[in-house]
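Report on the structure given below.
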Number of protein chains: 2
Amino acid sequence: MKIVVDGMGGDHAPHEIVKGCLEAVKEYGIRITLTGDSTKLEQELKNLNAPLESFEIIHTSEVITMDDPPVKAIKRKTDSSMVKGLEMIRGNFSSVLISAGNTGALLAGGLLKVGRIKGIDRPALTSLLPFRKSNTLLLDMGANTECKPENLAQFAMMGSVYMESVVGKKNPTVGLLNIGTEETKGSELYKAAYQIMKGMQHINFVGNVEARDVPEGVVDILVCDGFTGNIVLKYTEGLAYSLFGMLKDVMMKNTVSKVAALILKPSLREFKNGMDYTEVGGAPLLGINGGVIKAHGSSNAAAMKNAIRQGMLYLENGVLERIQNAVTATVEDKL
Amino acid sequence: MKIVVDGMGGDHAPHEIVKGCLEAVKEYGIRITLTGDSTKLEQELKNLNAPLESFEIIHTSEVITMDDPPVKAIKRKTDSSMVKGLEMIRGNFSSVLISAGNTGALLAGGLLKVGRIKGIDRPALTSLLPFRKSNTLLLDMGANTECKPENLAQFAMMGSVYMESVVGKKNPTVGLLNIGTEETKGSELYKAAYQIMKGMQHINFVGNVEARDVPEGVVDILVCDGFTGNIVLKYTEGLAYSLFGMLKDVMMKNTVSKVAALILKPSLREFKNGMDYTEVGGAPLLGINGGVIKAHGSSNAAAMKNAIRQGMLYLENGVLERIQNAVTATVEDKL
């Protein structure tokens, strides 16, 4: 098992990244390979009194920034921490890269530097949304702005593999995000995807799901195109934040409500954390020929540790082999 | 000014519909035309001691139910309260129909029975979302699952007219819902729409808006295709409901938090009402040759009264003429 971490990716790199790695090393007894500026990374490790024998540093001279144009960055910054990380995990089913860097670049790099699993047309970026009663795996959340029906069907298959093998949900239910529950609802893309998914033997397809029912956790896996998924994901974040602000306004209205709010403070903090949809570990990029976990750009040490843990589970449960096997199986489903 | 109300449309028809009409009659001193089963409607009016001289009843023998297939219902149930209502307002710019009935049927009926304003390719269903700092008009929220770039540009124009003339917002800002703020972001549809909207002289286009920023009310008008808009609208409803449930869970955890929750009850009710995105009057169907306001299917009397008020403002401010004029003006914008 090889855990590679992009030491220079993310808003708080390298400090919080290295700190998160150290926490993961201590808690899980693993060894981590860090890519990035060796002087900076070594200094961070030294400052944290990290056990140096648990770290391998691969020096790189370039950094892909959050504002770099994705494809150009991957093609030109060949000695960047992200590109080197991607090259290290390419084709190796027992290695995983965790990066909090530029999402677009990581997606482009996944395709250009690592490549797709044979039989997968389009990789998908996924996210586990923690709803009130249960979690829902959303995919694609932004890797593909334009999709074909066959892509959505493959997302359903890959999501099922991930949800079953990493999250441990047996026979997970798959829903298609749509504007109505009837199978004739939605755009041509969604109508066609429904027909393919209905015929797939290896997934537990339960039909269309209306957006209104999504937060109740009615399905384990929610499939949509990357444009819609990205909007749902970011809207969740924005709306949760805004509603918490509205709640605060209401509570700060008068002295009595302020006192009550003070009493509720610990519970409300818990509520707020429950609404923090962005920090639930990382988002795996499914369908490429190596393990890649995208951690949130604003990841702190705790978020990085969680993303690393997710990468470990990814490898321990053989997600890549399972997707490869599932592709073979779904050939029967005429995908 | 002619106010027509579909007396049989909605989950709580005819009772709550008639009750809402009576409240509107009393409050605004208007006269209302009700379409539907005259026996039932007269009985409701009698039970409510309504001033019969303020009502005109147009008897119809059929009802389009919530489950009826839209186009078929409009074509076959020609003596229904909805179809008769639509026929009454067709081409008459000083009349408006308010209906809480089957949304799909009302959209189909708007096109088939009323027709489009000359120069408008696709009508749009709109909704005013009440966010924390200000309101945002969302369109299209579901009339068009497939759109062309030109449609989105026309939505921007119609939304601007509505926001300025009915809501009273001077020079309202228009944003395009997208997965990034740069003009090269999004699907081909959104990239092309951006280019058209950028060149339009008669709207205040401010560029792409990410879903994360939408609940902060960063624009007055948010334009998107009907598939995406419908998902955003219903997701807002579902997520607000779910977050309120999570908040309740947190507050009911122990005795102390229960006491504090009790103190906050009035403020929390206000918060919950603020989150009730579905009951903010009705949703105007813009771009057809007559005024049509869609009230929520579960409308009670208060919601109906609000929707009727909205219809009045629609007429008083000459929205239909203004859209017609704006179409002419935007010919210069090469739409």
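Every chain is numbered from 1, with letters handed out A, B, ... down the list of sequences. What you see below is based on every heavy atom in this structure, not just the backbone, and it leaves out hydrogens, waters and symmetry mates.
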Item checked: Greater than 12 external heavy atoms within 6.0 Å of B:Lys169's NZ ->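 Counting other residues, nucleotides and ligands, NZ of B:Lys169 stays at 12 neighbours or fewer.
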
Note to self: Does atom NZ (A:Lys191) have a neighbourhood of more than 12 heavy atoms from anything else shown, all under 6.0 Å?
What the structure shows: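 Correct, the count exceeds 12.
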
Next item on the list: Give every residue pair that meets the ring-ring contact (aromatic ring centres under 6.0 Å, His included) criterion with at least one member in residues 176-198 of chain A, sequence neighbours excluded.
Entry: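 Sorted pair list: A:Tyr190-B:Phe227, A:Tyr194-A:Phe205.
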
Item checked: Least distance between heavy atoms, B:Ile231 atom then A:Ala211 atom ->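 Result for this residue pair: O-CB, 3.3 Å.
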
Note to self: Tell me the closest heavy-atom pair linking B:Pro215 and A:Leu239, and the distance in Å.
What the structure shows: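 Distance-wise, the nearest heavy atoms are CG-N, 3.5 Å.
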
Margin query: Distance check, rounded to the nearest 0.5 Å: A:Leu189 atom CG versus B:Thr145 atom OG1?
Written below: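 The CG atom of A:Leu189 sits 11.0 Å away from the OG1 atom of B:Thr145.
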
Notebook entry, point to check: How long is the gap from CG on A:Asn230 to NZ on B:Lys185, to the nearest 0.5 Å?
Noted result: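 With rounding to 0.5 Å, CG (A:Asn230) is 8.5 Å from NZ (B:Lys185).
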
Next item on the list: For chain A, find which of B:Ala261, B:Gly217, B:Gly186 contributes the most heavy-atom pairs closer than 4.5 angstrom.
Entry: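 The option with the most such pairs is B:Gly186.
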
Checklist line | Max heavy-atom pair count under 4.5 Å with chain A, selected residue of B:Ile179, B:Leu262, B:Ile263 | finding: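 The candidate making the most pairs under 4.5 Å is B:Ile179.
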
Would you mind checking which part of [X] comes under 4.5 Å of any heavy atom in chain A, side chain (CB onward), backbone (N, CA, C, O), both or neither?
X	answer
B:Thr228	side chain
B:Glu188	both
B:Val259	neither

Item checked: Whether A:Tyr235 and B:Tyr235 hold their rings parallel, tilted or perpendicular, with breakpoints at 30° and 60° ->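 Aromatic pair A:Tyr235/B:Tyr235 classed tilted.
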
Checklist line | Residue list, salt bridge (charged side-chain N to carboxylate O under 4.0 Å, His left out) with B:Arg212, at least two apart or on another chain | finding: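 Counting only residues at least two positions away or on another chain, B:Arg212 forms a salt bridge (charged side-chain N to carboxylate O under 4.0 Å, His left out) with A:Glu237.
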
Margin query: Taking every non-hydrogen pair under 4.5 Å, which of A:Asp225, A:Thr184, A:Asn144, A:Asp249 racks up the most with chain B?
Written below: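 Top option by heavy-atom pairs under 4.5 Å: A:Asp249.
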
